[in-house]
Protein chains: 2
Amino acid sequence: MCNLSSPNPTKTPSAVAQIDRLERVTLGERVHTKLRDLLMSGELAPGQKMSLRSVAETLGVSMMPVREAVARLVADQSLEVLPNRAVRVPLMTCARFRELTAVRLAVEGFAAEQAARSRAESDLAAIRHFEEAFLAEARSPEPDADRAVRANKELHFAVYRATGLPTLVGIIEGLWLKIGPVLNFDLKASAERLRTGGAAEHHRSLVAAVNAGDAAAARKALVADIEGAAGFIESTGRLLE
Amino acid sequence: MCNLSSPNPTKTPSAVAQIDRLERVTLGERVHTKLRDLLMSGELAPGQKMSLRSVAETLGVSMMPVREAVARLVADQSLEVLPNRAVRVPLMTCARFRELTAVRLAVEGFAAEQAARSRAESDLAAIRHFEEAFLAEARSPEPDADRAVRANKELHFAVYRATGLPTLVGIIEGLWLKIGPVLNFDLKASAERLRTGGAAEHHRSLVAAVNAGDAAAARKALVADIEGAAGFIESTGRLLE
DNA sequence: ACAGTCTAACTGTGATCACAGATCGCGGCA
DNA sequence: TGCCGCGATCTGTGATCACAGTTAGACTGT
């Protein structure tokens, strides 16, 4: 049973209390965000090496925030440190890709279901906005792969945020961090998949299902989207072992 | 398509190649493991504060590995740093507890299903072993709450490992890290729930279902286990707001 | 010309120093 | 006796130094 009393029993609400939420953003946090965006958007290819000092110099900070950010990414296997003490984007084996895809189907499939149940009107507006952005890029005469990848990400996460389960969103972010390099790097290498891959149709089904509150259809559309992309990646033959 | 050629095309297998896997275990990693165990087993209560320097002195290391470990735990919200620059175990609000429980039901429920499908004989042996350990503790005339909590954890994770999806196991570890303090701290405070809570029956159903390969029954048993514990925690009325 | 060795540079990890901000307690004033 | 103010102390964060281990390149000896 929850305590339903006021969270501020001794203080009266005041105007200044509205914006007292100043988030503590450390340098390490900013470096982490930067590296995360690079990984999720596929701008860092699998196997690419980096050094703490070079990243620090590039970003204009000392080595300290970089090692904190890299330590976090290494901890969840979004980066790896070789026995040679070299940091690189992990290579993707076929087995690991299939494992990540299996987990994604379960977790993101559940998120799609839940989004169809819990979506608010503001969520639906955001979802429609990013779907249009993706469609505009996919139908463009000369698609910008980078923008398409980012619009695809924003659409998916708009759906996931509609679940109202930020913990679940965080889990999915971790999954995209691991699979982003291979997924988006290969996707950007062959932009014609934008039109032939069926992503637009899957997105349309997904948005329609979430809009209608049809959880089963939402899961089905998302599963088809993930499996379509996964099949394309496996067909490229670039995975190891 | 996967490359099915030998992973060592140029080298012939030798005896020394068998144990070439020397894992790099840094001090920061060991501190992280230590703090994680303390959190998951409920030995650190919600709201408990700590300082990097005191932890470092206790563990006999410098502040450097501790801040790396704490930074990782703060990043995934297993710890939090207040605006006062104080590190503490986060307090659990009722809303957050329910959110975590909802995610656990989905993720761990899927894991139970998958375990029932993919379990190997060695997995089943481990599962049976930890179930007996938990039963022995639950039926003991004077149960040791600490050992019971650890046996419960080992049983659950033996099931999760049987999925053959280490990524999924990592995700669940993150969830237990967040919910462990409230779950196990309150559980240890009232040991009589060991007999009355029905955990033993849920475990029996779970093990039987996994053993029989009945995915639906495995999910049902696990869901019942989680919901039983969650209902108990909510009934204690210790959650905030 | 070629092979072996040795040095110099670079790697991540750990320790120490420096600093701004917050907290708490002691002392003095009313 | 009660309240305000100031300083000592403790906090996490960032920078710098130190070090073991690896690597790559140049240099020397044959």
* Structure fact -> Rounded to whole Å, CZ of B/R72 lies from C1' of C/dT13 at a distance of 14 Å
* Greater than 12 external heavy atoms within 6.0 Å of B/Q48's CD -> yes
* To do: Please tell me which of A/E68 and A/M63 maps to the more 5' nucleotide of DNA chain D, matching each residue to the nucleotide holding its nearest heavy atom.
  => A/E68
* Does A/T26 or A/P83 map to a spot on DNA chain D nearer the 5' end, using the closest nucleotide for each? -> A/T26
* **Rounded distance (nearest 0.5 Å) linking atom CD1 of A/I127 with atom OH of A/Y160** => 10.5 Å
* Structure fact -> note: A/E80, atom CD; C/dG12, atom P; distance rounded to Å ~ 13 Å
* Asked: Are the side chain of B/H156 and the backbone of B/N152 linked by a donor-acceptor contact shorter than 3.5 Å?
  -> yes
Under 3.5 Å between N/O atoms: give me all the protein pairs with nucleotides 5-11 of chain C, atom names plus distance.
residue : atom : partner : partner atom : Å
C/dT11  : OP1  : A/S51   : OG           : 3.1
C/dT11  : O3'  : A/R85   : O            : 3.2

* To do: Spell out, as yes or no, whether a donor-acceptor pair under 3.5 Å connects the side chain of A/N184 to the backbone of A/V149.
  => no
* When you measure from the side chain of B/T236 to the backbone N and O of B/I233, does any donor-acceptor pair fall under 3.5 Å? -> yes
* Structure fact -> Whole-Å distance, B/K49 NZ to D/dG12 C1', equals 14 Å
* Check: B/R67 side chain, D/dG14 base, donor-acceptor under 3.5 Å -> yes
* To the nearest angstrom, how far is B/M64 atom CE from D/dC19 atom C1'? -> 15 Å
Could you list the donor-acceptor pairs under 3.5 angstrom formed by side chains in residues 81-92 of chain B, with sequence neighbours left out?
residue : atom : partner : partner atom : Å
B/R88   : NE   : B/E80   : OE2          : 2.7
B/R88   : NH2  : B/E80   : OE2          : 3.0

* To do: Specify the separation, in whole Å, of atom CG of A/L82 and atom P of D/dG21.
  => 18 Å
